[in-house]
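Step one of this worksheet: look at the structure below.
Numbers for residues simply follow the sequence, beginning at 1.
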Amino acid sequence: MKTNLSKRVSVVTGFVIFFGVLNILLLLAKAENAVGIWSNPLGKWNEEWYAWKVLILAGYVIFGLIVNILTMVFMLNSIKLIKCGEFFSKRNANMIWWSAPVYFLSGLCANNFPIIYGAPLFMVYPNTFFTPLLLIGVAIIYSAGVRLSEENRLTV
């Protein structure tokens, strides 16, 4: 049972890492297009709202990288835990808790990335709030699993 589960989790982790790295590369390419390090910048970097645009771009890159890295590290930790015969850990629970506010900030910056290209409005979409709330729910359930797992170890 453990080997089948660890094999499945390993395959899923491979996909998560592949798409995580791909997402990081696309995120950096989109940021490069806006700034124009190796090409002409597509963003409108005039004086109007300059600081706001820089803040959105920096948040987009930083929070996007953190979300992807947290996801990949979570999956790698899950493989290690399953091979040890466990599934829940405080470290993974903390990663889920931290991923909610980071994902919120990442989504907020991603939704407003068009401001860099001259869009006039600040946009907030429902998924900006829904996904972090969903992550908080998963964190609550995962934290309960951590507590139950610790109690089981003490009982045995």
Side-chain angles (χ1 to χ4, degrees), residues 1-35 37-39 42-43 54-117 119 122-156:
M1 180 72 176
K2 289 180 189 175
T3 57
N4 287 337
L5 182 61
S6 63
K7 285 179 184 177
R8 282 187 242 143
V9 172
S10 296
V11 169
V12 171
T13 301
F15 281 116
V16 167
I17 290 174
F18 173 75
F19 287 111
V21 169
L22 184 65
N23 194 24
I24 288 172
L25 292 174
L26 291 173
L27 179 126
L28 294 174
K30 187 175 177 180
E32 193 283 326
N33 280 338
V35 175
I37 297 171
W38 293 292
S39 61
L42 298 177
V54 169
L55 185 66
I56 289 173
L57 179 66
Y60 175 75
V61 171
I62 292 168
F63 296 125
L65 287 172
I66 293 172
V67 164
N68 283 292
I69 290 169
L70 279 173
T71 305
M72 290 186 276
V73 170
F74 177 86
M75 292 304 295
L76 289 171
N77 284 342
S78 295
I79 287 177
K80 290 177 188 175
L81 288 169
I82 288 172
K83 287 184 179 178
C84 294
E86 298 179 20
F87 186 73
F88 298 102
S89 76
K90 287 183 181 180
R91 184 176 181 192
N92 275 359
N94 287 335
M95 277 193 260
I96 297 171
W97 280 109
W98 277 105
S99 68
V102 171
Y103 192 89
F104 172 76
L105 294 170
S106 172
L108 199 60
C109 293
N111 290 341
N112 291 292
F113 199 81
I115 289 174
I116 294 171
Y117 299 112
F122 183 82
M123 301 295 290
V124 179
Y125 296 105
N127 67 339
T128 307
F129 296 102
F130 178 73
T131 306
L133 288 174
L134 186 64
L135 284 170
I136 289 171
V138 169
I140 291 169
I141 293 168
Y142 197 89
S143 294
V146 169
R147 282 193 305 275
L148 289 173
S149 177
E150 288 173 353
E151 286 177 14
N152 276 348
R153 268 186 260 134
L154 293 174
T155 304
V156 173

Would you give the length of the straight line joining atom [atom1] of [X] to atom [atom2] of [Y], rounded to the nearest 0.5 angstrom?
X	Y	atom1	atom2	value
Cys109	Phe104	SG	CZ	9.5 Å
Lys90	Arg147	NZ	CZ	10.5 Å
Leu70	Leu65	CG	CG	11.0 Å
Thr13	Ile82	OG1	CD1	8.0 Å
Leu28	Tyr60	CG	OH	9.0 Å
Leu105	Ile66	CG	CD1	9.0 Å

Kindly give the heavy-atom pair with the smallest separation between [X] and [Y], and that separation in Å.
X	Y	result
Ile116	Ala34	CG2-CB, 3.9 Å
Leu135	Ile96	O-CG2, 3.6 Å
Met72	Ile24	CE-CD1, 3.7 Å
Gly64	Leu27	CA-CD1, 3.8 Å
Asn127	Pro132	O-CD, 3.9 Å

Excluding sequence neighbours, so at least two apart, what forms side-chain contact (heavy atoms from CB on, under 4.5 Å) with Ser149?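 By the side-chain contact (heavy atoms from CB on, under 4.5 Å) rule, Ser149 matches Phe88, Arg153.
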Should we say atom CH2 of Trp98 is surrounded by more than 12 heavy atoms from elsewhere, each under 6.0 Å from it?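 Not more than 12 within 6.0 Å, no.
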Inspect the surroundings of CG in Leu55 and state if more than 12 heavy atoms from other residues, nucleotides or ligands are less than 6.0 Å away.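 Enclosed.
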Give the intermediate values and the outcome of side-chain contact (heavy atoms from CB on, under 4.5 Å) for residues Met75 and Ile17. CA-CA 8 Å; Met75 292 304 295; Ile17 290 174; 5.8 Å; no
How about [X] and [Y]: do any of their side-chain heavy atoms sit closer than 4.5 Å?
X	Y	value
Asn92	Phe74	yes
Phe113	Leu57	yes
Ser143	Trp97	yes

Suppose we screen for ring-ring contact (aromatic ring centres under 6.0 Å, His included). Which residues come up paired with Phe122, at least two apart in sequence or across chains?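 Partners of Phe122 by the ring-ring contact (aromatic ring centres under 6.0 Å, His included) criterion, ordered by chain and then number, come out as Trp52.
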Whether the side chain of Asn23 engages the backbone of Phe19 through a donor-acceptor N/O pair (distance < 3.5 Å, no angle test) should be reported.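 No: the side chain of Asn23 does not pair with the backbone of Phe19.
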Has Ser106 got a side-chain atom pairing as donor or acceptor with Tyr103's backbone, closer than 3.5 angstrom?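 Looks like no, no N/O pair under 3.5 Å.
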Hey, mind stepping through Asn111 and Thr128 against side chain to side chain donor-acceptor pair (under 3.5 Å) and telling me if it holds? CA-CA 8 Å; Asn111 290 341; Thr128 307; 2.5 Å; yes
